[in-house]
Undergrad: 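Encoded as structure tokens, here's the structure I'll be asking about.
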Amino acid sequence: DGGITQSPKYLFRKEGQNVTLSCEQNLNHDAMYWYRQDPGQGLRLIYYSQIVNDFQKGDIAEGYSVSREKKESFPLTVTSAQKNPTAFYLCASIPAPGQGIDTQYFGPGTRLTVL
Amino acid sequence: KQEVTQIPAALSVPEGENLVLNCSFTDSAIYNLQWFRQDPGKGLTSLLLIQSSQREQTSGRLNASLDKSSGRSTLYIAASQPGDSATYLCARRARTFGTGTRLTIIP
């Protein structure tokens, strides 16, 4: 089955710890995205990558870091510098943005709770 | 900064009715617009993507339109069913998302 997988589904972190959220896709999509979703707010873009070994900050990148060493993988690290990390994190991908193949697909999400 | 607004925040309708969900955006730039549904605690599921050069897209009981001049998109759902109950979100260019309309279909 082709799709986007995120792990873990639930993650608990103590204050001051860094955690890494996994996102893998076997769709051969070029672009990958990370968003966070908070109650009552729309999705907010954290980071995105349109090509391997390259990524750009989104609207709320502070306290987060990413890497894109492989086309199929785009892990997100939530650092201790992120002031309010408790949220639902969503990973997404697009086949070939800007080339007319723009439908975005989402993973099932990871719910991060800071204790 | 571009804004995307969805009103109302919540909507309840009896089963079988046709309904329209609204999405407004603040600029008329040439971007595509995508509609999603989200079930509680789940990721987003793509429903329809309207390219900037298109005016509408249809899939089954769903029809989405895009009017760049007025800054509006609508999602029309025909013959609603209880399984349509979910939150519906619109998004511009994979960058700006509305807060969604929570739809409840009453059996």
Side-chain angles (χ1 to χ4, degrees), chain A residues 2-10 21 23-25 27 29-50 56-61 74 87-113, chain B residues 1-10 21-27 29-54 56-59 62 64 66 68 73 75 86-102:
Chain A
I4 302 172
T5 57
Q6 292 187 242
S7 61
K9 185 173 181 180
Y10 299 97
L21 283 60
C23 177
E24 303 277 332
Q25 54 101 356
L27 302 167
H29 287 180
D30 288 339
M32 298 186 73
Y33 303 78
W34 274 107
Y35 302 89
R36 67 175 279 168
Q37 186 177 34
D38 297 278
Q41 299 193 41
L43 275 69
R44 291 183 290 168
L45 180 64
I46 304 172
Y47 268 99
Y48 65 102
S49 167
Q50 296 190 308
Q56 286 76 42
K57 293 182 179 179
D59 299 318
I60 55 164
F74 192 41
F88 189 49
Y89 289 85
L90 289 158
C91 179
S93 67
I94 291 178
Q99 298 178 36
I101 314 174
D102 298 321
T103 299
Q104 190 172 38
Y105 300 88
F106 278 79
T110 291
R111 186 165 298 281
L112 172 64
T113 302
Chain B
K1 182 183 173 183
Q2 182 177 171
E3 300 281 343
V4 175
T5 304
Q6 293 185 252
I7 295 174
L21 304 179
N22 297 297
C23 173
S24 301
F25 41 91
T26 54
D27 71 81
I30 304 175
Y31 298 137
N32 60 39
L33 186 136
Q34 192 165 357
W35 282 93
F36 300 88
R37 70 172 279 167
Q38 185 177 30
D39 295 289
K42 307 289 187 185
L44 278 65
T45 299
S46 175
L47 298 174
L48 290 165
L49 170 73
I50 310 175
Q51 298 284 1
S52 58
S53 58
Q54 298 173 324
E56 65 178 332
Q57 281 285 341
T58 298
S59 176
L62 306 180
L66 177 63
K68 295 191 294 290
S73 177
L75 179 67
T87 297
Y88 290 79
L89 300 97
C90 61
R92 293 262 280 166
R93 201 191 172 198
R95 183 90 189 213
T96 310
F97 286 72
T99 53
T101 295
R102 188 172 69 253

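Throughout, protein chains are lettered first and strands after them, A, B, ... in sequence-line order, and every chain is numbered starting at 1.
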Undergrad: Heavy-atom cut-off 4.5 Å, strictly under: side chain, backbone, both or neither for Leu89(B) against chain A?
TA: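 Looking at Leu89(B), just its side chain touches chain A.
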Undergrad: Identify which part of Gln104(A) has an atom lying under 4.5 Å from any heavy atom of chain B, answering side chain, backbone, both or neither.
TA: both
Undergrad: Is the shortest distance from a Lys or Arg side-chain nitrogen in Asp59(A) or Arg95(B) to a carboxylate oxygen in the other one below 4.0 Å?
TA: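 Counted as a salt bridge, because a side-chain N and a carboxylate O are separated by less than 4.0 Å.
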Undergrad: Measuring heavy-atom distances to chain B, does Gln37(A) have an atom under 4.5 Å in its side chain, in its backbone, in both, or in neither?
TA: side chain
Undergrad: The criterion is salt bridge (charged side-chain N to carboxylate O under 4.0 Å, His left out); which residues satisfy it with Asp39(B), sequence neighbours excluded?
TA: Arg37(B)
Undergrad: Using a 4.5 angstrom heavy-atom cutoff, name the option from Gln6(B), Lys42(B), Gln34(B) with the most pairs to chain A.
TA: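 Between Gln6(B), Lys42(B), Gln34(B), the count favours Gln34(B).
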Undergrad: Which one of Ser46(B), Ala9(B), Gly100(B), Gly43(B) has the most heavy-atom pairs closer than 4.5 Å to chain A?
TA: Gly43(B)
Undergrad: So which of Thr99(B), Leu49(B), Leu44(B) has the biggest tally of heavy-atom pairs under 4.5 Å with chain A?
TA: Leu44(B)
Undergrad: If you compare all heavy atoms of Phe88(A) against all heavy atoms of Gly41(B), which two are closest, and at what distance to 0.1 Å?
TA: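 Closest approach of Phe88(A) to Gly41(B), heavy atoms only: CZ-O, 3.8 Å.
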Undergrad: Please classify the contact between Ile94(A) and chain B as side chain, backbone, both or neither, with a heavy-atom cut-off of under 4.5 Å.
TA: side chain
Undergrad: Check the surroundings of atom CZ in Arg44(A): do more than 12 heavy atoms from other residues, nucleotides or ligands lie under 6.0 Å from it?
TA: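 Atom CZ in Arg44(A) is packed in, count exceeds 12.
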Undergrad: Under 4.5 Å heavy-atom distance to chain B, tell me which part of Leu90(A) shows up: side chain, backbone, both or neither.
TA: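 Just its side chain gets close to chain B.
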